Amino acid sequence: MTSMLLRALPLTSLVLGVPLVAGCPTTPMDTTDAGPRPDAPGASTDDAGPSSGPTYTGEVRPILAEHCTGCHVTGGIAPFALDSYALAQAFGGRIVEVTEQRIMPPFLADNSGECNTYRDARWLSDDELATLARWYEIGMPEGDPSIEPPTPMLPPSLSPSEITTTLDVGAEWMPSATEVDSFRCFVVDMSAVGDQFVTGYEVVPGDARVVHHVILYEPSNEAAAATVMGLEGEDAALGYDCRGGIGASTYPVALWAPGSGAQHFPAGTGVRVGSWPAVIQVHYNTLTAGAHPDRTRIHLSSVASGVTPALITPIADPANLRLPPRMASVSQTIEQRVPANIRVYGIFPHMHQRGIGARAELIRSGASDAQCLTELPRWDFNWQLGYYYSSPFDVARGDTVRVTCDFNTMEESEMITWGEGTGDEMCIVYFYVTAS
Ligand code: HEC
């Protein structure tokens, strides 16, 4: 069934083999200005009175616990903790700004309902935004300190009984100390896994200080598998350098960025693996912590049968990506006729650092209006995330999917084209689909 789907969807061969993630920002975030806004109130608490507005322990802490302190905790991936009254107060102004602008929690797709909604969306409701803003406005009162703190929501993990295999790169790898960003591809034997459908996964970075992104790729065919084995075998070192891409036709099975936690594919679906060795691409960044050895693992949850095979299929047009310099906004629009009846479950957009926004639309065959599938009002290269629709939808053979990526090239002096390097760009949208 999978191979039928592969044949029915020739777009998979379009740009497979390009890594979804090509680089991380090399400047660490400046948190020195993250303290209270200079206009922070503070003396108005008395006037407001304890019952006239939200308090930290009453309304604010539950919001932070549900949406923030999974990452903003000591030893977490965020640059500072937000798990005490003193910290919440110190960052109060910034908390209001970043939540209002929907910079935090990190979730780039518009989940307001204007253009679809998503499963497990990290999205504050309008009421929650208003509560945070009001709390700041009235001087950030603490409230009743005897209220029990809620348990923070941690990124999800796979339970031991869900894990069927753990992929392991085999040994520790020391990322380059001279190159801040390096990309290593590790070829992993899948014969122990066998022919299986992955239904969920959890990436476990060996050293979270240096691991920026992890992607598990499955070769598209036997020739591609032979190519990656050849690349691995070129020298005695573990893995091969893959800054310029995986080097063969592959598709991404598992995507991981800090804070992602375990992922389950949509219920009743799975992605086929195990026919050939797979490739784990790890993007290392050694700017803040220096070089440390890493041995990243990926737990898989898989079944031999009983699920509908899914495909992670890209829409991109590398040859026609041409972005003139000194443009505050310049777009690439790609239209692709859908070659088979499919059900669409999710979307994984990808651009480099000049990306400022993106959208996907559907034009039903015969219709003149485009229907909004996903809107990313903002792009942040730091957050390469996948988004699963709250309700999957069917797309018919002959319908058209339109993808638009918006870029800012103000800093450039030359035409920007498609490529892997930080000097290049990409506009690629993967869809998670099954036959319908
Ligand atoms: C998935 C992990 C994660 C979650 C959830 C999260 N943050 Fe963050 N936050 C980060 C990271 C990482 C950074 C550093 C900047 C970046 O990488 O985007 C950050 C940065 C920030 C900053 C500093 C940004 C600036 O420009 O000053 C603030 C303030 C902040 N977060 C507040 C929040 C609040 C409030 C919430 C919840 C409503 C939240 N964050 C949820 C990971 C997270």
Side-chain angles (χ1 to χ4, degrees), residues 21 23-38 40 54 56 59-109 111 118 120-136 140 149-157 181 202-203 205 208-214 255-263 283 285 287-289 351 353 355-356 376 378-387:
V21 172
C24 265
T26 49
T27 31
M29 200 204 54
D30 179 9
T31 50
T32 50
D33 65 349
R37 288 199 274 209
Y56 173 71
E59 290 80 14
V60 169
R61 188 168 57 187
I63 298 176
L64 300 183
E66 187 180 346
H67 299 285
C68 316
T69 54
C71 297
H72 287 273
V73 62
T74 310
I77 65 137
F80 51 87
L82 283 176
D83 56 357
S84 71
Y85 175 53
L87 285 162
Q89 210 183 12
F91 287 100
R94 279 308 281 160
I95 290 174
V96 172
E97 283 167 7
V98 299
T99 52
E100 266 169 4
Q101 294 165 27
R102 297 205 179 277
I103 292 170
M104 286 285 149
F107 192 84
L108 306 181
N111 189 57
Y118 301 85
D120 307 324
R122 289 192 197 124
W123 188 261
L124 297 189
S125 69
D126 290 346
D127 283 351
E128 289 170 324
L129 292 180
T131 300
L132 294 175
R134 179 79 190 124
W135 174 68
Y136 178 71
M140 304 185 277
T151 357
M153 296 266 287
L154 294 171
S157 56
D181 288 289
E202 181 179 355
V203 171
R209 293 172 298 177
V210 294
V211 178
H212 262 231
H213 294 106
V214 178
L255 307 180
W256 181 89
S260 291
Q263 293 277 322
H283 173 187
N285 179 285
L287 188 76
T288 34
M351 291 173 277
Q353 319 237 20
I356 53 173
L376 273 63
R378 195 175 69 80
W379 174 250
D380 183 343
F381 181 79
N382 228 356
W383 295 105
Q384 309 276 346
L385 303 170
Y387 306 89

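Both ligands and their constituent atoms are indexed starting at 1 by order of listing. Small disclaimer: the values here were computed from a predicted structure and weren't measured.
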Colleague: Counting N and O atoms only, with roles assigned by atom type, does the side chain of Arg61 sit under 3.5 Å from a partner on the main chain of Tyr85, one being a donor and the other an acceptor?
Modeller: no
Colleague: Does any N/O atom on Trp383 come nearer than 3.5 Å to any N/O atom on ligand 1?
Modeller: yes
Colleague: Any idea which heavy atoms bring Leu82 and Cys68 closest together, and the distance?
Modeller: CD1-CB, 4.5 Å
Colleague: Is a side-chain N or O of Asn111 found less than 3.5 angstrom from the main chain of Tyr118, in a donor-acceptor match?
Modeller: yes
Colleague: Check whether any N or O atom of Thr99, backbone or side chain, sits under 3.5 Å from an N or O atom of ligand 1, and answer yes or no.
Modeller: no
Colleague: By number and element, which atoms of ligand 1 are closer than 4.0 Å to a non-hydrogen atom of Phe80?
Modeller: 21 (C), 22 (C), 23 (C), 28 (C), 29 (C), 30 (C)
Colleague: N/O of His72 under 3.5 Å from N/O of ligand 1, yes or no?
Modeller: yes
Colleague: Measuring from atom 13 (C) of ligand 1, which candidate in Gly92, Gly261, Pro79 has the nearest non-hydrogen atom?
Modeller: Pro79
Colleague: Using a heavy-atom cut-off of under 4.0 Å, does the side chain or the backbone of Glu97 touch ligand 1, or both, or neither?
Modeller: neither
Colleague: I need the atoms of ligand 1 closer than 4.0 Å to a non-hydrogen atom of Ile95, numbered in the order shown.
Modeller: 35 (C)
Colleague: Say whether Gly70 and ligand 1 are in contact under the criterion: heavy-atom distance to a ligand atom below 4.0 Å.
Modeller: no
Colleague: Go through ligand 1 atom by atom and flag the ones less than 4.0 Å from a non-hydrogen atom of Pro105.
Modeller: 38 (C), 41 (C)
Colleague: Kindly identify the option in Arg94, Glu66, His67, Glu128 whose heavy atom sits closest to atom 41 (C) of ligand 1.
Modeller: His67
Colleague: What class does the angle between the rings of Phe107 and Tyr387 fall in, given that below 30° is parallel, 30 to 60° is tilted and above 60° is perpendicular?
Modeller: perpendicular
Colleague: How does Phe91 reach ligand 1, if at all, at less than 4.0 Å between non-hydrogen atoms: by side chain, backbone, both, or neither?
Modeller: neither
Colleague: Relative to the heavy atoms of Cys71, which atoms of ligand 1 are at a distance of less than 4.0 Å?
Modeller: 1 (C), 2 (C), 3 (C), 4 (C), 5 (C), 42 (C), 43 (C)
Colleague: On a heavy-atom basis, which atom in Ile95 and which in Ala88 lie closest, and how many Å separate them?
Modeller: CD1-O, 3.7 Å
Colleague: Kindly give the heavy-atom pair with the smallest separation between Tyr56 and Pro62, and that separation in Å.
Modeller: O-CD, 4.1 Å
Colleague: Within a strict 4.5 Å, meaning less than it, do heavy atoms of the Met104 and His72 side chains meet?
Modeller: yes
Colleague: Kindly give the heavy-atom pair with the smallest separation between Arg122 and Pro106, and that separation in Å.
Modeller: NH1-O, 2.8 Å
